[in-house]
Amino acid sequence: RLVFGMLYPAYASYKTVKTKNSREYVRWMMYWIVFALFMATETITDLLISWFSFYYEIKMAFVIWLLSPYTGGATLLYRKFVHPTLSRKEKEIDARIVQAREHGYEMMVRFSKRAFNMAATAAVQAAAQGPG
């Protein structure tokens with residue numbers, strides 16, 4: 001899966017960017033979007049149905065189907081399902097991303113203050129105890 005799902009597509013994407021072929025660029029962008037969604041859902045499916053016979057072989061076949069220019073799997077899934085779904089939910093997703101950024105920043109500030117206070121307290125205690 002690493003070779004077919006990531007390394008070859010990464011190299012093909014590099015070649016596409018290098019040659020500035022916009023049609024191939026769009027094709028590879030659709031692949032990467034679908035593949036990222038596949039990787040996210042795979043985390044859950046691995047836990048639930050990995051015991052299923054030929055599960056890993058089916059996943060490999062699916063990745064090859066996504067990748068193949070003859071089947072156009074990633075393009076098909078992107079155009080039929082991913083794009084319409086993301087278009088419908090784009091505003092909601094954008095709002096949640098902004099919300100996550102804001103909460104992430106606030107959490108980082110709180111964590112930094114707490115860590116600084118702990119370090120300062122430890123330094124004061126160590127200084128108070130002295131060298132002996």
Partners passing side-chain contact (heavy atoms from CB on, under 4.5 Å) against Ala10 (at least two apart in sequence or in another chain): Trp32
Those residues that, when tested against Arg88, pass side-chain contact (heavy atoms from CB on, under 4.5 Å) (two or more places apart):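 Arg88 satisfies side-chain contact (heavy atoms from CB on, under 4.5 Å) with Pro84, Thr85 once adjacent residues are dropped.
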Share the residues that join Tyr11 in a hydrophobic cluster, the rule being Ile, Leu, Val, Met, Phe, Trp or Tyr side chains under 4.5 Å apart at the heavy-atom level.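 The other cluster members (ILVMFWY side chains, heavy atoms under 4.5 Å, direct or chained) are Tyr14.
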Other hydrophobic cluster members with Tyr25, side-chain heavy atoms of Ile/Leu/Val/Met/Phe/Trp/Tyr under 4.5 Å, chained?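 Its cluster mates, by chain and number, are Val17, Met29.
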I'd like to know if Trp65 and Tyr56 are part of one continuous hydrophobic network [Ile/Leu/Val/Met/Phe/Trp/Tyr, side-chain heavy atoms within less than 4.5 Å]. no
Hydrophobic clusters here meaning ILVMFWY residues chained together by side-chain heavy-atom distances under 4.5 Å, can you tell me if Met118 and Val124 are in one? no
For the atom pair [atom1] ([X]) and [atom2] ([Y]), what is the distance rounded to the nearest 0.5 Å?
X      : Y      : atom1 : atom2 : value
Glu106 : Arg101 : CD    : CZ    : 14.5 Å
Arg96  : Lys91  : CZ    : NZ    : 16.0 Å
Met108 : Phe111 : CE    : CZ    : 7.5 Å
Met30  : Leu76  : CE    : CG    : 10.5 Å
Leu86  : Ile33  : CG    : CD1   : 7.5 Å

Below 4.5 Å, heavy atoms only, C-beta onward: do Phe35 and Leu77 meet side chain to side chain? no
Using the salt bridge (charged side-chain N to carboxylate O under 4.0 Å, His left out) criterion, which residues pair with Glu102? Sequence neighbours excluded. none
Closest heavy-atom contact between [X] and [Y]?
X     : Y     : result
Leu67 : Pro9  : CD1-CG, 3.6 Å
Glu42 : Tyr55 : O-OH, 4.3 Å
Ser53 : Ile58 : O-CD1, 4.4 Å

Any salt bridge (charged side-chain N to carboxylate O under 4.0 Å, His left out) involving residues 9-27? Give me the pairs, sequence neighbours left out, ordered by first then second residue. Glu24-Arg27
Trace of the side-chain contact (heavy atoms from CB on, under 4.5 Å) decision for Phe38 with Val63: CA-CA 9 Å; Phe38 166 70; Val63 169; 3.7 Å; yes
State which residue, out of Thr43, Leu47, Ile49, Leu48, fulfils the side-chain contact (heavy atoms from CB on, under 4.5 Å) condition with Thr45.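 Among Thr43, Leu47, Ile49, Leu48, the one that satisfies the side-chain contact (heavy atoms from CB on, under 4.5 Å) with Thr45 is Ile49.
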Which label fits Tyr31 and Trp28: parallel for a plane angle under 30°, tilted from 30 to 60°, or perpendicular past 60°? perpendicular
Side chain of Thr16, backbone of Ala12: donor and acceptor closer than 3.5 Å? yes
